[in-house]
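Please read the structure below before turning to the comments.
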Amino acid sequence: MNDAVELAVAEILTIAASLDLPVEVDYPYDPDADELPMVLVDTGQEEVLEDEDMPADGWTTYWRLSPSIEVIVNRNDPMALHAELSAKWATLRQAIDDSDLLNFIREGTKPQLRKLPIVIEGKPGVAGFAVQMSMEIERD
């Protein structure tokens, strides 16, 4: 049976797939303009959280995940580029809201989410946004 960390990562991949674009996981390099549009999911770091008050045999129970979802598109028209990115953000935000991701969050902690623009120098018409997340998960 999958544990809570694996289920949370699977939920992030489901959220990324809601954009109806090709999704690449842990892509090793920047995509070329002819590969766009695409969604890049970085599963991020998995970090064990240590708690001084917790017995040694239980400190591996809590993990911090730091995944990100990047949406990159290529449009010649700046207005079309802006419109597509706005629509993709609205879709992604709704998919996050509709997801079960919050069910995996450790009780008493708050997940973090930050949206950042992506502008690629030297590639006019290529832009996007990144959604960086951080959350504490209680492993089963």
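Positions are given from 1, in the same order as the sequence printed here.
Asp77 and Met79 make their closest contact through OD1-N, 3.0 Å (heavy atoms, listed as atom of the first residue, atom of the second, distance). Shown here for Ala127 and Leu81, the closest heavy-atom pair between the two residues is CB-CD2, 3.8 Å. Heavy atoms only, all atoms of each residue included: Pro37 and Leu21 are closest at CG-CD2, 3.6 Å. The minimum heavy-atom distance between Glu11 and Leu101, with the atom names listed, is CG-N, 3.8 Å. Nearest heavy-atom pair, Ile137 versus Ala4, reported as atom, atom and distance to 0.1 Å: CG2-CB, 3.5 Å. Of all heavy-atom pairs spanning Ala16 and Val39, the tightest one is CB-CG1, 3.9 Å.
We find the CD1-CG distance between Ile72 and Asp30 to be 7.0 Å, quoted to the nearest 0.5 Å. Atom OG in Ser66 sits 10.5 Å away from atom CE in Met133 (nearest 0.5 Å). Taken to the nearest 0.5 Å, the CD atom of Glu24 stands 7.5 Å off from the OH atom of Tyr29. Once rounded to the nearest 0.5 Å, the distance linking CG of Leu92 with CG of Asp97 reads 10.0 Å. Between Phe129 atom CZ and Leu85 atom CG the span is 6.5 Å, to the nearest 0.5 Å. Here CD1 of Ile96 is found 5.5 Å from CH2 of Trp89. Values are rounded to the nearest 0.5 Å.
The shortest distance between side-chain heavy atoms of Pro31 and Leu36 falls below 4.5 Å. Looking at heavy atoms from C-beta onward, Leu102 lies in side-chain contact with Pro111 at the 4.5 angstrom threshold.
Residue Asp26 qualifies as enclosed at atom CG: its count of foreign heavy atoms under 6.0 Å is above 12. Dense packing is recorded around CG of Asp98, with more than 12 heavy atoms of other residues, nucleotides or ligands lying under 6.0 Å away.
Ile118 and Ile69 are not part of a single hydrophobic cluster, where members link through side-chain heavy atoms under 4.5 Å apart. Linking ILVMFWY residues whenever their side-chain heavy atoms come closer than 4.5 Å, directly or via other members, leaves Tyr27 and Leu116 in distinct clusters. Hydrophobic clustering (ILVMFWY, side-chain heavy atoms < 4.5 Å, transitive): Val131 and Ile120 are in distinct clusters. There is no path of hydrophobic side-chain contacts, each under 4.5 Å, that joins Met38 to Val71. Taking hydrophobic clusters as Ile, Leu, Val, Met, Phe, Trp and Tyr residues chained together by side-chain heavy-atom distances below 4.5 Å, Val41 shares a cluster with Val73.
Each of Gln112, Glu70, Arg114, Lys115 was compared with Gln132 under the side chain to side chain donor-acceptor pair (under 3.5 Å) criterion, and only Arg114 meets it.
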Check: So Ser18 and Thr91, side-chain contact (heavy atoms from CB on, under 4.5 Å) or not? Walk me through it.
Finding: CA-CA 7 Å; Ser18 72; Thr91 300; 4.2 Å; yes
